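Below is one structure, written out as structure tokens; comments come after it.
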Amino acid sequence: MIAGAHVKSSDKTIDPVEFAHRQGQLRALTLHFGYDPEKVRLLAGAKTFDYLGQRFTSEGEALPNGEITIYYDPQMSEARMACCLAHEIQHVKYFVVARAYHCEGDDGSLHRLFADFTPESLAAQGGVSPYADEHWRAWRGERPPRLFSQELEEGGSEPINETVAEVAKALYNWGPDVAINPIWKKLQETINAVYDKLADSDKASSPPENRCDYYIKSNERSAIDHIGAAIDRDDSDDQYRQK
């Protein structure tokens with residue numbers, strides 16, 4: 001690119017120097033989170049869509065294959081970018097653990113490990129942020145959502161997946177002493193512990209087999225837009241602050 005040139009993105013012009021600076025910030029944050037920076041990109045363009053009866057501007061999205069996109073916004077602070085990244089990385093961890101969960105039998109070790117997180121127990125808690133609460137209110141399934149299920153297909157929203165991602169955002173934003181629902185915090189910790197073990201053993205990147213094929217293929221569509229960490233209105237995080 002010619003020095004001083006500007007990148008055109010939809011209806012606005014982006015300063016390439018500023019954009020490169022934000023790319024550097026994103027890479028540093030990704031490394032800070034211990035995630036592969038080659039799987040995270042900053043995209044020069046906005047993404048808006050209708051969801052849950054509202055118009056959203058997405059700041060980030062995560063895919064089951066581990067790819068994460070953060071949408072460039074010159075008004076996005078480094079702290080806001082970090083919160084968005086924490087949210088999206090948590091989605092990826094959820095996908096990886098869900099894949100392993102569905103690749104084992106119903107009496108497998110992961111089924112036993114997560115057995116206490118029943119649909120009823122999670123539904124009784126609700127969300128941990130305004131955005132997570134929206135997903136619980138939008139749920140249209142006949143029964144409460146099940147952990148690691150195809151939530152969008154079954155009930156039109158993703159209350160469990162999004163709530164876990166919002167826990168990660170809150171923990172990054174306010175620290176380990178954040179006042180947050182202990183059941184959701186325990187679930188997030190358990191998912192992360194399993195993810196770390198899978199990553200250490202390289203199972204997270206192994207080819208899908210048998211019944212986990214369906215989970216991965218069907219989840220590719222439902223995972224496209226995870227926007228809870230970053231939407232076009234100010235969802236205050238004050239409810240997380242430790243009193």
Side-chain angles (χ1 to χ4, degrees), residues 1-96 129-132 134-135 152 157-158 161-162 164-173 204-205 216-217 219-237:
M1 181 179 295
I2 300 174
H6 285 73
V7 180
K8 192 73 172 179
S9 174
S10 62
D11 60 343
K12 59 185 178 182
T13 300
I14 295 175
D15 182 343
V17 175
E18 171 63 16
F19 185 77
H21 173 66
R22 294 303 178 92
Q23 284 180 313
Q25 284 183 327
L26 180 58
R27 182 177 180 84
L29 287 170
T30 304
L31 290 170
H32 171 76
F33 281 112
Y35 199 72
D36 183 358
E38 298 304 316
K39 293 183 178 180
V40 181
R41 64 171 180 164
L42 184 66
L43 187 63
K47 181 174 183 178
T48 60
F49 53 92
D50 294 314
Y51 188 55
L52 301 179
Q54 301 181 60
R55 186 70 172 174
F56 289 98
T57 298
S58 176
E59 288 185 346
E61 66 181 19
L63 297 177
N65 65 6
E67 295 179 358
I68 293 174
T69 298
I70 304 297
Y71 292 98
Y72 174 73
D73 177 356
Q75 303 303 315
M76 179 186 284
S77 66
E78 185 173 358
R80 187 170 143 207
M81 181 185 289
C83 286
C84 180
L85 187 59
H87 180 105
E88 301 304 338
I89 289 175
Q90 189 65 56
H91 277 313
V92 174
K93 292 180 179 181
Y94 187 94
F95 298 144
V96 169
S129 71
Y131 178 70
E134 287 180 9
H135 273 271
L152 274 182
S157 64
E158 292 189 286
N161 194 354
E162 293 295 348
V164 173
E166 287 288 85
V167 172
K169 173 186 172 183
L171 288 170
Y172 175 82
N173 203 21
S205 59
I216 295 170
K217 291 177 181 177
N219 205 35
E220 285 176 353
R221 179 178 60 81
S222 67
I224 296 300
D225 297 305
H226 290 287
I227 56 177
I231 53 182
D232 63 351
R233 65 182 188 281
D234 180 19
D235 275 349
S236 174
D237 290 311

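Bear in mind the structure is a predicted one, so any value in this text is a computation, not a measurement. Position 1 is the first residue of the sequence; numbering continues from there.
The two residues F33 and A86 make their nearest non-hydrogen contact at CZ-CB, 3.7 Å. The two atoms that bring L63 and V92 nearest to each other are O-CG2, 4.0 Å, heavy atoms only. The minimum heavy-atom distance linking R22 with P74 is given by the pair NH2-O, 3.0 Å. Between I14 and A44, the closest heavy-atom pair is CD1-CB, 3.6 Å. Of all heavy-atom pairs spanning Y71 and M76, the tightest one is O-CE, 4.1 Å. Closest approach of L42 and F19 over heavy atoms only: O-CZ, 3.5 Å.
Proximity of R27 to H32: side-chain heavy atoms (C-beta onward) are nowhere separated by under 4.5 Å. Side-chain contact between Q90 and V167: absent, with no pair of heavy atoms (C-beta onward) separated by less than 4.5 Å. Looking at D73 and R80, their side chains come closer than 4.5 Å, going by heavy atoms from C-beta outward. The closest side-chain heavy-atom distance from E59 to H87 is not below 4.5 Å. With a 4.5 Å cut-off on side-chain heavy atoms, Q23 and Y72 do not count as touching.
We find the CG-CE distance between L26 and M81 to be 5.5 Å, quoted to the nearest 0.5 Å. Separating the CZ atom in R41 from the CD1 atom in I68 is a distance of 11.5 Å, to the nearest 0.5 Å. A distance of 10.5 Å separates OH in Y35 from CD in E88, rounded to the nearest 0.5 Å. How far CD1 of I70 is from OG1 of T30: 7.5 Å, rounded to the nearest 0.5 Å. Rounded to the nearest 0.5 Å, atoms NZ (K169) and CD1 (I89) are 14.5 Å apart.
The aromatic rings of H91 and F95 lie parallel to each other, with less than 30° between the two planes, well short of the 60° mark.
Proximity of a side-chain donor or acceptor of H135 to a complementary backbone N or O of S157 within less than 3.5 Å is not detected. Listed for the Y172 side chain is no donor-acceptor partner under 3.5 Å among the backbone atoms of L85.
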